[in-house]
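All values reported here derive from a predicted model rather than from experimental measurement.
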Amino acid sequence: MEVLVVIGVAMILVGLVVPGLAGARQVARQSAFSANVRQDALLAQTYCNDYAGVYPVSDPDPTEAAWRWYTVLRNSGYIAADADVDPDGARRYGEVRVQLSKCVVMPAERMRRGYTLPPSEQRTSAVRDDQVTYPAQKGLLIPLCSEPLPQPDSRGRCFYYVGRVTEPIAFADTSVVILDRFDLVGGTAPVEIDGIGLPVYASWGGCRARDR
């Protein structure tokens with residue numbers, strides 16, 4: 001009987017401790033990812049400083065330019081390999097999880113309602129950091145999922161997952177804040193036309209927008 005009591009108490013303690021450990025592990029990973037995202041923002045800003053304030057443009061297509069922005073840094077010698085911008089993501093998931101905002105590789109005039117183009121017709125444009133009207137409020141880098149989720153969107157971005165998912169977001173002033181889309185859009189789904197209208201990634205107003 002005493003042994004059973006001891007086992008029961010031990011099971012209760014384990015049940016109490018394990019969720020806490022899982023939560024602490026998630027916080028630790030998110031903190032490390034936040035530091036990683038901030039480093040990426042600093043890399044992007046360093047590139048801007050060296051190239052007349054222009055953000056890195058890696059492809060004529062804005063979506064590809066946003067997804068593969070770091071290839072410009074590699075080709076320019078700022079990093080040795082693509083995985084350097086997200087070592088943990090490259091190791092755990094085989095991909096870089098940090099995307100550049102389309103707002104800094106696409107004309108702001110085409111990111112207004114009534115002036116959008118279908119994704120197949122969208123083209124990148126050189127955007128300078130001094131064109132970002134609200135650098136402390138305009139998102140610069142948005143992550144893919146830092147943890148696997150059951151229903152990420154079709155492109156894998158869990159920031160637009162139906163539930164509340166917090167992720168570290170880097171803003172154009174290189175600050176990093178951990179938040180979710182509800183913090184940006186007030187709990188409602190963003191109005192999206194031609195892929196434009198997603199806060200941080202493709203905000204209405206482009207580089208002149210405020211995401212928070």
Side-chain angles (χ1 to χ4, degrees), residues 18-49 55-56 58 65-74 78-105 129 132 134-153 155-187 190 198-203 207 209-212:
V18 168
L21 291 176
R25 183 176 62 178
Q26 173 64 12
V27 169
R29 284 179 178 171
Q30 202 166 60
S31 297
F33 196 20
S34 295
N36 189 97
V37 171
R38 173 163 168 72
Q39 181 62 34
D40 291 344
L42 291 171
L43 280 171
Q45 187 58 52
T46 299
Y47 179 92
C48 282
N49 295 340
Y55 285 103
S58 62
W67 277 64
R68 308 300 174 199
W69 65 279
Y70 46 83
T71 60
V72 177
L73 301 185
R74 177 189 16 94
Y78 291 88
I79 56 176
D82 295 346
D84 290 347
V85 299
D86 185 17
D88 183 62
R91 183 178 66 254
R92 296 174 65 193
Y93 306 117
E95 65 178 345
V96 173
R97 297 169 296 175
V98 184
Q99 293 178 274
L100 188 70
S101 172
K102 288 174 64 174
C103 295
V104 297
V105 293
D129 56 354
V132 180
Y134 306 98
Q137 298 173 307
K138 178 70 202 83
L140 176 65
L141 295 170
I142 182 172
L144 297 168
C145 299
S146 60
E147 296 292 338
L149 288 173
Q151 295 176 340
D153 78 346
R155 288 159 290 188
R157 293 199 311 272
C158 59
F159 197 64
Y160 300 103
Y161 173 64
V162 293
R164 299 203 68 154
V165 180
T166 57
E167 294 286 2
I169 304 298
F171 288 82
D173 66 346
T174 71
S175 63
V176 175
V177 179
I178 297 177
L179 42 70
D180 65 24
R181 72 182 181 90
F182 289 85
D183 296 320
L184 298 174
V185 296
L198 302 172
V200 178
Y201 181 66
S203 311
C207 62
R210 282 186 288 186
D211 287 321
R212 62 169 177 164

First locate atom [atom1] of [X], then atom [atom2] of [Y], and finally report the distance between them rounded to the nearest 0.5 Å.
| X | Y | atom1 | atom2 | result |
| --- | --- | --- | --- | --- |
| Ser34 | Gln39 | OG | CD | 13.5 Å |
| Tyr55 | Cys48 | OH | SG | 5.0 Å |
| Asp40 | Tyr70 | CG | OH | 10.5 Å |
| Leu179 | Arg212 | CG | CZ | 7.0 Å |
| Ile142 | Leu198 | CD1 | CG | 8.0 Å |
| Cys207 | Leu140 | SG | CG | 11.5 Å |

Check: Quick one: side chain to side chain donor-acceptor pair (under 3.5 Å) partners of Gln45, sequence neighbours excluded?
Finding: Asn49, Asp129

Item checked: Set of side chain to side chain donor-acceptor pair (under 3.5 Å) partners for Tyr47, sequence neighbours left out -> none

Tell me whether [X] contacts the main-chain N or O of [Y] through its side chain, where contact means a donor paired with an acceptor under 3.5 Å.
| X | Y | answer |
| --- | --- | --- |
| Trp69 | Val98 | yes |
| Lys138 | Asp211 | no |
| Arg91 | Asp86 | no |
| Arg38 | Ala170 | no |
| Asn36 | Val85 | yes |

Please name the pair of heavy atoms, one in [X] and one in [Y], separated by the smallest distance, quoted to 0.1 Å.
| X | Y | answer |
| --- | --- | --- |
| Ser58 | Ala65 | OG-CA, 3.3 Å |
| Ala209 | Tyr134 | O-CD1, 4.0 Å |
| Arg74 | Ala81 | CD-CA, 4.4 Å |
| Pro56 | Leu100 | O-CD2, 3.8 Å |

Checklist line | Set of residues satisfying ring-ring contact (aromatic ring centres under 6.0 Å, His included) with respect to Phe171, sequence neighbours excluded | finding: none

Margin query: A side-chain contact here means heavy atoms from C-beta on lying under 4.5 Å apart; do Thr71 and Asp82 qualify?
Written below: yes

Item checked: pair Val132-Cys103: side-chain heavy atoms closer than 4.5 Å -> no

Next item on the list: Would you mind checking if Asp88 and Arg97 are paired as a salt bridge, meaning a charged N to carboxylate O distance below 4.0 Å?
Entry: yes

